[in-house]
Each structure stands twice: as C-alpha cells, then as structure tokens.
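Only one structure is covered here, and it is reproduced in the block below.
Just so you know, these numbers use all the heavy atoms, side chains as well, and skip hydrogens, waters and symmetry mates. For this chain, numbers begin at 1 and follow the sequence in order. Since the model is a prediction, treat every value here as computed from it, not as a measurement. Each ligand, and each atom within it, is numbered from 1 in the order the structure gives.
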Amino acid sequence: MDTQALLEAWEAGHRLSPQGWALALLALARPDQEHEALAALSVGQRDARLIALRNALFGSALSVVERCPQCQEELEVEMDAQPLVLPPSPAAQERHELQAEGCMLGFRLPSAGDLLAASACGDVDAAQRLLLGRCVLAASMNGVAIAPAALPQAALAALSDRMGELDPQADLRLRLHCPCCRHDWPVAFDMLPFLWREIDAWARRLLHQVHELAAAYGWAERDILAMSPTRRQAYLSMSVA
Ligand SMILES: [Zn+2]
C-alpha cells in the first residue's frame, strides 16, 4: 500500500463508520477486489487481513496499554502481532447447525457486510435483530418453526458462544500477565480501533513533515509525498539546521 493510498484511507476514516472504514481500507490495500467480495468475508477473515495489513505497514511489534484489574497498575505490554493471525476462519457463507435449549438452528457466521449494515442501525436492539435476521437461516423450537427474533435468550447466548468458537479470530483475546501482582487475565483485542489510532498518528506525522518542507522549500505536496521517508527526513534535518 503506497503513501497516497494510505493517506486516502486516513481521510476516509473521518467520514465513515469504523465498519465502513475497515472495508474501505481493505479495498485500498487490494484494489483488485470488489467491494462485494470484501463485504462477504467473515469477520474473522476480515480481521486476519487487517492484522496482516497492519504488520506489513508498521511491522509486527505491537504495544498494548492496559490496567491490571487486580492491582490497578498500568502496564505497557510489548508483543509480536504475527501470532494474532489465527488459522483461517470459515467463510461467512458456510452453513452450521446448533441444537440448544430445545431449539434447532441453521446459521452462518456474520460477514463484514453484516456488521456494516448493523452499524447503520439506530440502536443495539435493532442491530441485533438485523444480524439475527441475516445469520439465522432456520430456527425451530420443539419442532415448530419460529422467527429468529423469537428465540429465547439462552438459545441466543448458545448461538453467540458457538459463533465465537467457530471464528475465534473475530473475537480475539490476549492473555496478559501483570509482573507486579502476577495476575493473569484475558482482554478482548479489537484490531480496528487500534489500527485507526496508528494510521491517524502516522498521517499526522507525515502531514506535519509536508508542512515543514513546503514552508522551507516551497515544494508541492505530491512531490514531498513521492519522496522516500529517508529522503524526507534528510531534508528535514537540513531545513531545521
Ligand atoms: Zn497487577
């Protein structure tokens, strides 16, 4: 992904929802892929691509800041992001069956497009109804067909658990260890906001460099962006000196 495409992705992040931005970013990274093909990825497949893209852009070293829930110490944990890409997730189109709480369900995993549609719903309940309507392909209770929205809470909880087991990449957990009190605990890790913060910081640093070089030499933005980071840095050190 070149500098110009990544800057476009940064701009897109200011007008799109996080779910929309994830798809726009992947589309800029893979211009050969249609929007429909990217939207059809399961959430785990999408997230694996986001992590791979992130590692290609910024390297695989990752720093996570979390507070220990036991001793309240703030920890900055350095880790390698490469192992965060798990074995391939199932496709969102694949059908799965679940028997729980007297209910029989035929379902598929949520796709990136499903999350995008759900993010446009006004509230959490509406988003959940939309996801159920899309992902539950057949539902019956004690042998009688029912609407997905009529499923009992316990069956919905079993469905959510099963989806998490089938697609652990979509529900990534990091195991953290506190060196102060030796507490071990799992934290949910969402690559999307993390990657947004990294790209936002990168873009602001880069635009600051463009500003400094344009002010010092009168060069055009496109010419400054076309330089390698090494060359930009070399000119910056001269203009400051
Ligand atoms: Zn602790």
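Donor-acceptor pairing under 3.5 Å is lacking for the side chains of Q209 and R204. Neither side chain, Q72 nor R67, offers a donor N or O lying under 3.5 Å from an acceptor on the other. Counted by atom type alone, E76 and S63 present one or more donor-acceptor pairs between their side chains at under 3.5 Å.
Distances shorter than 2.8 Å separate the Zn ion (ligand 1) from the protein N/O/S atoms C68 SG, C71 SG, C178 SG, C181 SG.
Counting heavy atoms from C-beta outward, L195 and L25 have side chains that approach closer than 4.5 Å.
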*Going through the checks in order, is the side chain to side chain contact (heavy atoms under 4.5 Å, CB included) test met by Q33 and R49?*
CA-CA 13 Å; Q33 293 225 308; R49 287 193 188 197; 2.6 Å; yes

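Heavy atoms from other residues, nucleotides or ligands lying under 6.0 Å from CD of E34 number 12 at most.
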